[in-house]
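Worksheet: the structure to be examined is printed underneath.
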Amino acid sequence: MTTTPPAPCAPEDVRRVACIGAGVIGGGWVAHFLARGYDVTAWDPAPDAEEKLRRLVAAAWPALEQLGLAEGASQDRLTVTATLAEAVADAQFVQESAPEKLELKRSLLAELDAATPPGVVIASSTSGYPMTDMQTEAADPGRLVVGHPFNPPYLIPLVEVVGGERTAADAVAWSSRFYDVAGKSVITMDRELPGFIANRLQEALWREALHMVANGEATVKDIDDSITEGPGLRWAFMGPCLTFALAGGEGGMGHMLDHFGPSLKSPWTRLEAPELDRELRDAMVDGCEEAAGERTYADLVAERDQGVIDVLRATGRLGGTAR
Ligand SMILES: NC(=O)C1=CN([C@@H]2O[C@H](COP(=O)(O)OP(=O)(O)OC[C@H]3O[C@@H](n4cnc5c(N)ncnc54)[C@H](O)[C@@H]3O)[C@@H](O)[C@H]2O)C=CC1
Ligand SMILES: C[N+](C)(C)CC(=O)CC(=O)[O-]
């Protein structure tokens, strides 16, 4: 990693954040930063972006009120701008959440770099591209980092932070501290991994889910129930490693690996990625529609938000109200 000058203000002093791209994730970031009391500017090229964004924020607000708003937090502190340049002109931090297309990310990050005040950190929400591959066209790649959130960013605490080969170490450290101050739970990675950490794990699970649906071995509902009624209950407060250490009884992980390790070799090496053809795509879509039943998208969002809040509350992780 290179070293370029640190950002122009301390992470604790940030007041204005710009969110570029205001779909599911960009909108979720907007809601999070507003709830934490920041002034937020947002830009998205879609003609109906502002209406959709304000609707997303309004739908998220009851959940955010339950979590506790920062002093002065208000939906009125959101400004949707007509241009990208206006959105970032006075920003002290920029969060990019545009579509997951490598060429688009490359040119957008270069454009943001040109328009954003010098030294201000620009983070990408990418769910998988290494920053090394995205920072190729920027004049100052040193300030570009990945800040990978989880949906919805206003409720799921985790952000994975990692730089690319040309990112300054200072920019990684600055953004990790900023997300921490902004109420997120941060994992800072010292190297780029495909899928970072959590998506690498989710991708393994997801690959097996798609195989089972493709082969007619389980329904979408069976797969979802197997997690929500099973391991998902443990994972909300104890990760897969420690829960499996308990599977070894008093012998812990040592006994668990000696006992079950040999029989795991086959499932670890058996499967490759399933072919995501039209039939599998449609089976997944139909299965999800069946599982959702009468519930609309808005119903499911409200149900998910309340569920996450209940879990955070039950596990003593409801955040404070101050930044
Ligand atoms: N959906 C998810 O669960 C998660 C997505 N992400 C990442 O967040 C990013 C955004 O994904 P979503 O919000 O799901 O997509 P989305 O499709 O919901 O939103 C993308 C938004 O970007 C806008 N857009 C299109 N071209 C643009 C441009 N040139 N500049 C700025 N905005 C532009 C679109 O109008 C749209 O509103 C992606 O990089 C994705 O990998 C990260 C974590 C979770
Ligand atoms: C679907 N997704 C791979 C874009 C999801 C993520 O990146 C994180 C999440 O919210 O699970």
Side-chain angles (χ1 to χ4, degrees), residues 18-32 41-57 59-60 80-88 91 94-116 122-131 133-135 137-138 144-162 179 184-185 187 189 193-207 209-210 224 227 232 235-236 273 276 281 284 288 297 300-301 304-305 307-308:
C19 292
I20 303 300
V24 172
I25 291 302
W29 274 121
V30 168
H32 175 75
T41 48
W43 177 77
D44 186 300
D48 58 349
E50 175 162 5
E51 183 212 320
K52 280 168 95 172
L53 172 59
R54 292 196 185 277
R55 201 164 60 228
L56 186 158
V57 172
V80 180
T81 64
T83 64
L84 173 151
E86 286 172 85
V88 299
V94 177
Q95 183 80 39
E96 170 274 310
S97 308
E100 192 77 353
K101 294 181 185 155
L102 185 56
E103 283 309 323
L104 185 154
K105 296 276 196 199
R106 279 186 180 146
S107 59
L108 178 59
L109 288 173
E111 195 182 346
L112 285 171
D113 175 41
T116 303
I122 301 168
S124 173
S125 296
T126 181
S127 50
Y129 295 135
M131 180 48 80
D133 293 349
M134 296 192 294
Q135 64 190 172
E137 292 172 20
L144 302 179
V145 302
V146 168
H148 175 233
F150 290 77
N151 190 38
Y154 56 86
L155 287 184
I156 305 291
L158 182 60
V159 182
E160 293 169 313
V161 176
V162 61
Y179 284 126
K184 304 300 288 184
S185 175
I187 293 180
M189 299 172 65
L193 293 179
F196 318 118
I197 296 174
N199 272 359
R200 183 166 168 177
L201 295 167
Q202 292 202 109
E203 280 156 9
L205 187 80
W206 188 228
R207 181 193 63 209
L210 291 182
D224 279 356
I227 296 299
W235 288 343
L276 186 52
R281 181 197 174 278
M284 289 301 299
C288 286
Y297 173 71
L300 290 168
V301 167
R304 177 203 58 197
D305 285 6
V308 174

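Atoms within a ligand are numbered from 1 in the order they appear, just like the ligands themselves. Count residues from 1 along the sequence.
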For Gly23, atoms of ligand 1 separated by under 4.0 Å from a heavy atom
13 (O), 18 (O), 19 (O), 21 (C), 37 (O)
Taking all non-hydrogen atoms of both residues, which atom of Lys184 and which atom of Val159 are closest, and how far apart?
CE-CG2, 3.4 Å
Looking only at distances, can you tell me whether any N or O atom of Leu104, backbone or side chain, sits closer than 3.5 Å to an N or O atom of ligand 1?
no
Nearest heavy atoms of Ala87 and Thr41, plus distance in Å:
O-OG1, 2.6 Å
Structural part of Asn199 in contact with ligand 2, heavy atom criterion under 4.0 angstrom
side chain
Only heavy atoms of Ser127, strictly under 4.0 Å: list the atoms of ligand 1 that pass.
40 (C), 41 (O), 42 (C)
Going by a strict under-4.0 Å cutoff (protein heavy atoms only), does atom 7 (O) of ligand 2 have a neighbour on the protein?
yes
Which of the numbered atoms in ligand 1 are under 4.0 angstrom from any heavy atom belonging to Trp43?
30 (N), 31 (C)
Would you say Glu51's side chain and Asp48's backbone share a donor-acceptor pair under 3.5 angstrom?
no
Can you find an N/O atom of Asp44 closer than 3.5 Å to an N/O atom of ligand 1?
yes
State if Ser97 counts as touching ligand 1 under the rule of any non-hydrogen atom under 4.0 Å.
yes
Establish whether atom 1 (C) of ligand 2 and some protein heavy atom are separated by less than 4.0 angstrom.
no
Val24 N/O to ligand 1 N/O under 3.5 Å
yes
For ligand 2, which atoms have a heavy atom of Gln202 less than 4.0 angstrom away?
8 (C), 9 (C), 11 (O)
Between Glu203 and Arg200, does any side-chain N to carboxylate O distance fall below 4.0 Å?
no
Which atoms of ligand 1 sit under 4.0 Å from any heavy atom of Pro45?
24 (N), 25 (C), 26 (N), 27 (C), 28 (C), 31 (C), 32 (N), 33 (C)
Using a strict cut-off of 4.0 Å, indicate which atoms of ligand 1 neighbour a heavy atom of His148.
42 (C), 43 (C)
Backbone, side chain, both or neither: what part of Leu84 comes under 4.0 angstrom of ligand 1, heavy atoms only?
neither
Does any N or O of ligand 1 fall below 3.5 Å from an N or O anywhere on Ile20, backbone included?
no
Test side chain to side chain donor-acceptor pair (under 3.5 Å), reference Ser124, set Glu96, Gln95, Glu100, Gln135, output is Glu96
Where does Ala49 meet ligand 1, judged by heavy-atom distances below 4.0 Å: at the side chain, the backbone, both, or neither?
neither
Consider every N or O of Asn151 and every N or O of ligand 1, then say whether any pair is closer than 3.5 Å.
no
Looking only at protein heavy atoms, identify the closest one to atom 42 (C) of ligand 1 and say how far it is in Å.
Ser125 O, 3.2 Å
Is the closest N or O pair between Lys105 and ligand 1 shorter than 3.5 Å?
yes
For ligand 1, find out whether one of its N or O atoms is nearer than 3.5 Å to an N or O atom of Glu100.
yes
For Leu144 and Met131 the tightest heavy-atom approach is O-CG, 3.6 Å
